[in-house]
2 protein chains.
Amino acid sequence: MATLGELERAVMDLLWQSDSEDPAEIALTANALRDRLARKTASSPDGKELAVTTVLTVLSRLEKKGLVQRERDIRPHRYRAVTSREEHTVELMNEVLGSAPDREAVLAKFIGSVSEQEAETLRKLLTA
Amino acid sequence: MATLGELERAVMDLLWQSDSEDPAEIALTANALRDRLARKTASSPDGKELAVTTVLTVLSRLEKKGLVQRERDIRPHRYRAVTSREEHTVELMNEVLGSAPDREAVLAKFIGSVSEQEAETLRKLLTA
DNA sequence: AAATTGTTCTACACTACGTAGAAACTTGTA
DNA sequence: TACAAGTTTCTACGTAGTGTAGAACAATTT
């Protein structure tokens, strides 16, 4: 499965986040990402700054995985998430589900595993 | 995430399968598994037999991951799946879902991604 | 007790990921 | 235009997970 490493996940989180923030920043540069990663990790006061090359490597890998798209025409390349976080999560759920022979049985159990409030939301969606 | 390798998956598939078959065989030995793995791969006529130690290694790892339980008291140890395949799949789905900040949005999209027939099943389950 | 069968230990190759330096390339500028 | 600063690519290493199995050790059978 297309499971992400810790840093890959952190980068995707930033790209997904930028989706909703300042619309001028949907696509970020490696440097912008490096800075935000540093600030993010600032919860632990080690002030750890990654090398830009590290971020670039990760971005290349994410691009190869099809999760990230890069604008190559402009010079500091800009990177953006190909899908929204929600879409991606749904894809993962379907990957997991797809590998099951008895999909309906799984879905049944799954429904039973969500909160009552969420079940209510689903009910509305399904009967709409 | 607790993602499985190819061989680990194959072993789990056999253990999950044995759940529904001959009830005397819910728990299998490493040798039984090795044989079945060979037959399974028989689709490609390489007749590839794994070493029993290979199967045992994988079983140990699966045990460590909590997916498999072994009966140590009897001598050819017997192995069984701790959860059903469906339960396991649901756990995975919830793992994926849990890492999302906006669960309901994901669920909404997810609902839209299943077939109409499955949606119908879910509708019944939710309104029951 | 010896032979057979089963289990544990140890190990190696391969891949994914975090990490980054060195080299190559671009671009702005003196 | 030639150089400096910024950017990207290449290469590489450490670690962890997985597939694979031999060697050594333990239990069972005969």
Side-chain angles (χ1 to χ4, degrees), chain A residues 1-15 27-38 40-41 44 46-80 88 92 95 99, chain B residues 1-15 25 27-41 44 46-80 88 92 95 99:
Chain A
M1 196 194 315
T3 202
L4 300 182
E6 200 174 331
L7 181 54
E8 292 176 325
R9 159 68 64 181
V11 168
M12 288 311 298
D13 277 345
L14 287 172
L15 293 179
L28 301 177
T29 66
N31 269 300
L33 284 165
R34 188 214 49 217
D35 294 346
R36 301 189 181 203
L37 285 169
K40 187 125 283 180
T41 317
S44 36
D46 48 351
K48 180 178 196 169
E49 283 260 313
L50 287 174
V52 190
T53 52
T54 299
V55 179
L56 282 164
T57 301
V58 167
L59 284 168
S60 292
R61 288 174 182 165
L62 288 172
E63 190 188 24
K64 192 176 302 175
K65 292 184 189 183
L67 292 183
V68 154
Q69 191 188 348
R70 102 163 71 180
E71 293 169 24
R72 291 194 129 91
D73 41 337
I74 55 184
R75 210 55 237 272
H77 291 180
R78 288 177 167 273
Y79 303 80
R80 76 176 64 225
H88 179 250
L92 285 187
E95 262 182 66
S99 69
Chain B
M1 196 193 318
T3 203
L4 299 182
E6 200 174 332
L7 182 53
E8 291 176 325
R9 160 68 63 183
V11 167
M12 287 311 297
D13 277 344
L14 287 171
L15 291 180
E25 292 194 357
L28 301 177
T29 67
N31 269 299
L33 284 165
R34 188 213 48 216
D35 293 347
R36 300 186 182 203
L37 284 169
R39 252 180 276 138
K40 187 125 286 182
T41 318
S44 37
D46 48 353
K48 178 177 198 171
E49 284 260 313
L50 289 174
V52 190
T53 52
T54 299
V55 179
L56 282 164
T57 300
V58 167
L59 285 168
S60 292
R61 289 173 183 167
L62 289 172
E63 191 190 22
K64 191 175 303 175
K65 292 183 188 182
L67 292 183
V68 154
Q69 190 188 350
R70 102 162 72 179
E71 294 169 24
R72 291 194 129 94
D73 41 336
I74 55 183
R75 211 54 239 273
H77 292 178
R78 286 176 169 274
Y79 302 80
R80 76 176 65 224
H88 179 250
L92 284 188
E95 261 183 67
S99 70

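Scope of the values below: all heavy atoms of this structure, side chains included, with no hydrogens, waters or symmetry mates. Below, chain A is the first sequence line, B the second, and so on; all start at residue 1.
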Please report, rounded to the nearest Å, how far the [atom2] atom of [N] is from the [atom1] atom of [X].
X: B:Glu6; N: C:dC14; atom1: CD; atom2: C1'; result: 13 Å
X: A:Leu4; N: D:dG17; atom1: CG; atom2: P; result: 17 Å
X: A:Leu28; N: D:dT7; atom1: CG; atom2: P; result: 14 Å
X: A:Leu50; N: C:dG21; atom1: CG; atom2: P; result: 11 Å
X: A:Asn31; N: D:dT7; atom1: CG; atom2: C1'; result: 8 Å
X: A:Asp73; N: D:dT7; atom1: CG; atom2: C1'; result: 15 Å
X: A:Arg9; N: C:dC17; atom1: CZ; atom2: P; result: 12 Å
X: A:Leu56; N: D:dA12; atom1: CG; atom2: P; result: 19 Å

B:Glu8 and B:Lys65: CA distance, side-chain angles, deciding distance, side-chain contact (heavy atoms from CB on, under 4.5 Å) verdict: CA-CA 11 Å; B:Glu8 291 176 325; B:Lys65 292 183 188 182; 3.0 Å; yes
Position toward the 5' end of DNA chain C (nearest nucleotide), A:Ile74 or A:Val58: A:Val58
Contact nearer the 5' end of DNA chain C, comparing A:Gly5 with B:His77: B:His77
Which nucleotide, [options], lies nearest any side-chain atom of [X]?
X: B:Thr53; options: D:dG19, D:dA23, C:dA20; result: D:dA23
X: B:Glu8; options: D:dT18, D:dT8, D:dT20; result: D:dT18
X: B:Arg70; options: D:dA21, C:dT7, D:dT9; result: C:dT7

A:Leu33: which of A:Leu14, A:Val52, A:Leu50 passes side-chain contact (heavy atoms from CB on, under 4.5 Å): A:Leu14
Donor-acceptor pair present, A:Thr3 side chain and C:dA16 base, under 3.5 Å: no
Any N/O donor-acceptor pair, A:Arg61 side-chain to C:dG18 base, under 3.5 Å: yes
With sugar-phosphate meaning primed atoms plus P, OP1 and OP2, does [X] contact a base, only sugar-phosphate, or nothing at under 4.0 Å between heavy atoms?
X: B:Arg34; answer: nothing
X: B:Lys64; answer: nothing
X: A:Thr57; answer: base
X: B:Leu7; answer: sugar-phosphate

Main-chain N/O of A:Ala27 paired with A:Arg78 side-chain donor or acceptor, under 3.5 Å: yes
Phosphate contact (C:dG18 OP1 or OP2) by A:Thr54 side-chain N/O below 4.0 Å: no
Minimum side-chain heavy-atom gap B:Arg34-B:Thr29 below 4.5 Å: no
Over all atoms of both residues, closest heavy-atom pair of B:Glu71 and B:Ile74: OE1-CD1, 3.2 Å
